[in-house]
Amino acid sequence: MAAWNWSSKKDAYRLFIKRQRRNLPFLKRRPRSSRNLLRNRHLRRPNRRNPTRPKRKRMMTINISRRRPPREESMSDNVVTRIAPSPSGFLHVGTARTAIFNYLFARHNDGKLLFRMEDTDPERSKEEWKEAIINAMKWLKLDWDGEIIYQSQRIDIYKEYALKLQELGNAYYCYCTPDELEAKRKKALEAKEFVGYDRKCLHLSEERRQELDAKGVPKALRIKTPHEGLASFSDIVGGDLTRDYLEMDDWVIMRSDGRCTYNFCCVVDDHLMGITHVIRGNDHIINTFRQCTVYDRFGWDRPNFAHIPLILGKDRSKISKRHGAVSVMDYDTQGILPEAMFNFLSLLGWAPGDDREIMTRQELIDAFTLERVTGANPIFDPVKLEWMNAEYIRNMDDNEILDRVRWVMIDAGLTTRLSVEAHWHWMLQVVRLLKERVKTLRDFPTQARYFFTDEYEYDEKGERKHFSDSAVIALLIALRDEFSGLSDGFGEDEIEKALRSLAERLEMKPAKLIHPTRLALTGLTGGPGLFELMHVLGKEKCIARLDRAIEYLEEKFS
RNA sequence: GUCCCCAUCGUCUAGUGGCCUAGGACAUCGCCCUUUCACGGCGAAAGCACGGGUUCGACUCCCGUUGGGGACGCCA
C-alpha cells in the first residue's frame, strides 16, 4: 500500500535522526538545534493557512498513524465525548473549560457527552468534592448524557482487563520495591539521563519469579511498551505527534494492591464507554502516548484525540488546583453569571473566526469545531471576564437579574426574603437603575445601599466638593420646600420640573442643585440619574434625607 | 536535565502566499453625549520574538536561535 510506504519512510527518517543524535556526542551538546531537525512541521500538522502538503498525503498520514478513517468521515459517526474530572478539589476553570469544549463539540455534532468521575485514589477523592464538581457542572448548565460513571465502582473491571493483558503476554509482573525505584529515578535525574523503568523484571526467570511469589513479595503489573520505533498518534489540534519508544518505559498498569493506575483505567473506560473523541488539556499528551500502547496491545481502535491548550494564570504558569485553587464556584460568589463564564471560557483557545465575542450557547454550539482550536496557551484575564459579565447583566431581563441578585442582597443584610417578595416591583426599579452600572452581581449591594438603609456616610470627596460652603444649606432648604410642595405626585418629570424651575428662579445652573442633592440623598457622587433615583426612593425619604443633610450642615458650619 | 507542545498589540484573538499600510475585543488614553457615575459614539497609542532560507512576492511555508508552557509517580 502506497500510503503505508510513504508514511513509514518518513517515520524511519525521523527515527534515524533521533538515533543519530543519541549516538553522536557532538550533536548531543547542541540538543536544541539537533532536535529541531525533527521539526518538519509539514509532516506533523496540516497547516490551515498554507497547506503545502497535498491533501492526499495528509490523509494518508492520518490513516497510518491513527489506524482510523480520516476525520472527515469519522465526523459523521455518532460522536461520544466525555468529561472526566478527579474529585480531589473543586471544579477549577481549566477542567471547566475542557468540559465546555467537550460539551460544545458533542452538541455541535449531535453526539453525547458522558461524565466519568475519576475517583480511584481514596487518599485524594472526597465525597464533598464530587458533590462540588457536580454542582459546578450544573451551575454552568453542562448537562451530560446518562448516569455518572464512578471509577471507584469499577476497579474489578480494570483488574480483569489488566490480567487479560498479562495473559496475552503484553504485561508482566514487577517485583521492584517503590524505594528501589525511587532511588533509581533520583539517580537518573541526577545523571541527567532518561528517567524510566529499566525493565529489570521483564527478564526474570520463571524460577526466580516463583521464588519471589513464594516469599510473598508484592508485585505490580507493567505493560510491555515497544522498545523501538516511533510512537505516534494524530491530534486534531496538534497534528501528528511522535515520540521515540526509547523515551518511554514499561509503566505500571496495576499496583501491587490490585488497583489499576490512571492511564490504564482511562483507556479501559474510554473503550468500554465508546468514546470517539478524547478532548483534554495538552498536559495529557504524554499520557496519550502511553494510552495508545494500551489500545494497541488490546487491539482496540484508538479514539480521536484533541489536546487543547492549557489556561495559564497571570504568572504564565498553569492554573492548577494544586497550586492555589481557582474554582469556578469562586466566580459565582464573586457575582459572575454562569452564562458569562461559559461564554468567556469557550473563547479561551478557540474563536469562531468572525468578530463575534458575546455569543449565546446555541451560537457557540453552532460555530464550534475542533479545527479552530488554537495551539498556544491562553492567559486567563479576569478583567475581560468582568466586562463580559457586565455585558450579560446589561442585556438580561430585569426579573431574571432580580431573581439571581436577591440572595446577594439578602446576604449583604440589606433586605430579607419576605421583603424582596413583598416589594418585587420596587426592587425591579432599583435593578433597572443599576444594571447599566455594575460589573458583577456583587456590585449591586454596594451600589444600592442607600435604597435600603439610611445608614450611610457622605462621601469624603463629595463633601469637599458640594458641602464645603454654608450657602448650600439655603439651597437644600429651598429644594426641600419645593419638593414637599409637589401635589401632583412624585414622578420623575415633576421632580425634574421642580428642580429646574427653582434653578431658573435662583439664576443658577441646575447642576449646582443636583450635585448637593445627590450627595444628601445617597451619600455618593455617582450613580443613577437624580430624578430617577428620587422617584424610586419616594417623596417621604427624600424630604427626610434633605432634612438630615440640612441639620448636618447647620451643625458643621455653626 | 530529558522528552513533548507552543510563539500576531499588555491580554484574548482574526489571518489558509498577493486582499495586510496586519482586523476585532478587553484594558489604557483623549474627545463627544450628559446633572454625576456608567452606557453609548468617535478617535489615539499598542503587535507579526530574532536570524537565515524557499518564492517574483512571506505574518503566512522550511530551518535555526531565543523565549514561554507542560510532562517525566505503584497521583489523576
Side-chain angles (χ1 to χ4, degrees), chain A residues 31-33 35-37 39-42 47-53 84-88 118-121 123-125 151 174 176 178 181-182 185 188-196 218 220-222 238 241-244 247-249 251-257 259 261-263 265-266 281-287 289 307 309-310 312 314 316-318 344 347-358 374-381 383-388 390 394 434 436-438 447 462 496 499 509-515 517-518 524-531:
Chain A
R32 283 207 92 96
S33 55
R35 187 197 318 159
N36 281 327
L37 283 175
R39 308 183 119 207
N40 295 322
R41 300 173 122 228
H42 67 286
N47 189 284
R48 295 211 303 260
R49 297 165 59 185
N50 192 9
T52 49
R53 189 154 48 107
S86 105
S88 54
E118 308 220 318
D119 55 348
T120 53
D121 185 350
E123 301 236 325
R124 300 204 312 158
S125 298
Q151 286 195 321
C174 169
C176 299
L181 294 169
E182 187 52 41
R185 190 166 17 245
L189 220 47
E190 270 169 26
K192 293 167 184 177
E193 282 168 354
F194 163 67
V195 182
L221 199 59
R222 287 183 185 272
L241 268 28
T242 58
R243 203 179 168 204
D244 198 322
E247 303 288 346
M248 294 169 67
D249 66 349
W251 47 281
V252 169
I253 59 172
M254 188 170 70
R255 301 179 184 86
S256 45
D257 64 2
R259 288 161 51 238
T261 56
Y262 162 73
N263 277 311
C265 300
C266 183
N282 67 21
D283 52 338
H284 278 281
I285 288 177
I286 300 223
N287 287 328
F289 283 115
H307 290 93
L310 256 29
L312 268 29
K314 199 88 193 148
R316 294 195 168 274
S317 76
K318 174 170 116 174
F344 179 75
L347 255 26
L348 249 34
W350 176 84
D354 46 43
D355 283 343
R356 285 180 297 169
E357 291 207 299
I358 305 287
T374 328
N377 300 338
I379 292 172
F380 188 92
D381 180 7
V383 178
K384 186 155 184 176
L385 207 211
E386 283 210 334
W387 162 78
M388 193 170 271
R394 248 176 255 132
L434 260 23
E436 293 256 311
R437 293 157 229 272
V438 297
Q447 292 194 27
E496 178 161 11
L499 186 138
K509 279 184 164 177
K512 271 279 183 201
L513 294 174
I514 287 169
H515 294 306
T517 308
R518 172 191 306 283
L524 303 173
T525 55
L530 181 67
F531 313 122

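The figures here come from the full heavy-atom set of this structure, side chains too, leaving out hydrogens, waters and symmetry mates. Here is how names work: the chains are called A, B, and so on, in the same order as the sequence lines, proteins then strands, and each is numbered from 1.
Taking atom P on both B/rG53 and B/rU60, the two are 14 Å apart, rounded to the nearest angstrom. Of the C1' atoms belonging to B/rG51 and B/rG15, the separation is 23 Å, rounded to the nearest Å. Atom name P, nucleotides B/rU54 and B/rC74: the rounded distance is 50 Å, in whole Å. Taking atom C1' in both B/rG41 and B/rU34, the straight-line distance is 13 Å, to the nearest Å. Using C1' as the reference atom, B/rG24 and B/rU36 are 32 Å apart when rounded to the nearest Å. B/rC20 and B/rA76 have their C1' atoms separated by 46 Å, with the value rounded to a whole Å. Look at the C1' atom in both B/rC59 and B/rU8: the space between them is 7 Å, to the nearest Å. When the C1' atom is compared between B/rA38 and B/rC75, the two are found 49 Å apart, to the nearest whole Å.
Residue-level contact check: A/S256 touches the bases, meaning some heavy atom is under 4.0 Å from a base atom. As judged by a 4.0 angstrom heavy-atom cut-off over every strand, A/C266 is placed among residues making no nucleic acid contact. Among the protein residues, A/D257 comes within range of no part of the nucleic acid, since none of its heavy atoms lies under 4.0 Å from any strand.
A/N282 places no side-chain N or O within 3.5 Å of a backbone atom of A/H307 that could act as its donor or acceptor partner. Under a 3.5 Å cut-off, the side chain of A/N263 and the backbone N or O of A/I253 do not form any donor-acceptor pair. Looking only at distances, no side-chain donor or acceptor of A/T525 sits under 3.5 Å from a matching main-chain atom of A/G462.
Put simply, CD on A/E182 is 9 Å from P on B/rC74, counting in whole angstrom units. One interatomic measurement links the two molecules: CG of A/L312 to P of B/rA7, which rounds to 14 Å at whole-angstrom precision. In this entry the distance linking CD1 of A/I286 with P of B/rC3 reads 11 Å, nearest Å. A/E247 has its CD atom 10 Å from the C1' atom of B/rC4, to the nearest Å. Note: CZ (A/F289) to C1' (B/rC3) measures 9 Å, nearest angstrom. For the pair A/I379 CD1 and B/rG69 P, the interatomic distance rounds to 10 Å; values are reported in whole Å. For the pair A/F380 CZ and B/rU13 C1', the computed distance is 16 Å after rounding to whole Å. For the pair A/N282 CG and B/rC72 P, the computed distance is 13 Å after rounding to whole Å.
In this structure, the side chains of A/F380 and A/L385 come closer than 4.5 Å at one or more pairs of heavy atoms. Side chains of A/M388 and A/I358 form a contact here, defined as non-hydrogen atoms less than 4.5 Å apart. Side-chain contact between A/P510 and A/L499 is present, with at least one heavy-atom pair separated by less than 4.5 Å. Between A/P528 and A/L434, some side-chain heavy-atom pair lies under the 4.5 Å cut-off.
The base of B/rA25 does not come close enough to the side chain of A/D355 for any donor and acceptor atom to sit less than 3.5 Å apart.
Under the Watson-Crick or G-U wobble criterion, with both distances below 3.5 Å, B/rU34 has no partner in any strand shown. Across all strands shown, B/rG1 forms a Watson-Crick or G-U wobble pair, both distances under 3.5 Å, with B/rC72. Across every strand in view, B/rG10 sits in a pair with B/rC26 that passes the Watson-Crick or G-U test at under 3.5 angstrom. Using Watson-Crick or G-U wobble geometry with both donor-acceptor distances under 3.5 Å, B/rU21 finds no partner in any strand shown. Across the strands present, B/rC50 finds its partner in B/rG64; the criterion is a Watson-Crick or G-U wobble pair with both atom distances under 3.5 angstrom. Using Watson-Crick or G-U wobble geometry with both donor-acceptor distances under 3.5 Å, B/rA45 finds no partner in any strand shown. Across every strand in view, B/rC59 sits unpaired, with no contact that passes the Watson-Crick or G-U test at under 3.5 angstrom. Remark: B/rC39 base-pairs with no nucleotide; criterion is Watson-Crick or G-U wobble with both hydrogen-bond distances under 3.5 Å.
With A/I286 as the fixed residue, the side chain to side chain contact (heavy atoms under 4.5 Å, CB included) test singles out one of A/M248, A/E247, A/R243: A/R243.
For B/rU2, neither phosphate oxygen OP1 nor OP2 lies less than 4.0 angstrom from any side-chain nitrogen or oxygen of A/R185. Between A/T120 and B/rA76 there is a side-chain polar atom (N or O) within less than 4.0 angstrom of OP1 or OP2. Proximity of A/K318 to the phosphate of B/rA71: a side-chain N or O atom is located under 4.0 Å from OP1 or OP2. Regarding contacts with the backbone of B/rU11, a side-chain N or O of A/R316 is found under 4.0 angstrom from either OP1 or OP2.
If you find the closest nucleotide of RNA chain B to A/M254 and to A/P309, the one lying nearer the 5' end belongs to A/P309.
Considering only side-chain atoms of A/R124, the nucleotide from B/rC3, B/rG70, B/rA76 that sits closest is B/rA76. Closest contact between the side chain of A/P378 and the listed nucleotides B/rC3, B/rC5, B/rU13 involves B/rU13. When the nucleotides B/rA14, B/rC6, B/rC3 are ranked by their closest atom to the side chain of A/R243, B/rC3 comes out on top. Proximity note for A/V195 (side chain, C-beta onward) versus B/rG70, B/rG24, B/rG73: the nearest is B/rG73.
Residues satisfying the salt bridge (Lys or Arg N to Asp or Glu O under 4.0 Å) test with A/E357, not counting sequence neighbours, are A/K384. Residues satisfying the salt bridge (Lys or Arg N to Asp or Glu O under 4.0 Å) test with A/R255, not counting sequence neighbours, are none. Partners of A/R437 under the salt bridge (Lys or Arg N to Asp or Glu O under 4.0 Å) rule, at least two apart in sequence or in another chain, do not exist in this structure. For A/D355, the salt bridge (Lys or Arg N to Asp or Glu O under 4.0 Å) test picks out no residue, with sequence neighbours left out.
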Distances for protein N/O vs nucleotides 43-45 of chain B N/O pairs under 3.5 angstrom?
none

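Rounding to the nearest 0.5 Å places CH2 of A/W251 at 10.0 Å from OH of A/Y262.
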Sugar-phosphate or base contact per nucleotide [nucleotides 26-39 of chain B; S, B, -; heavy atom under 4.0 Å]
SS-------BBBSS
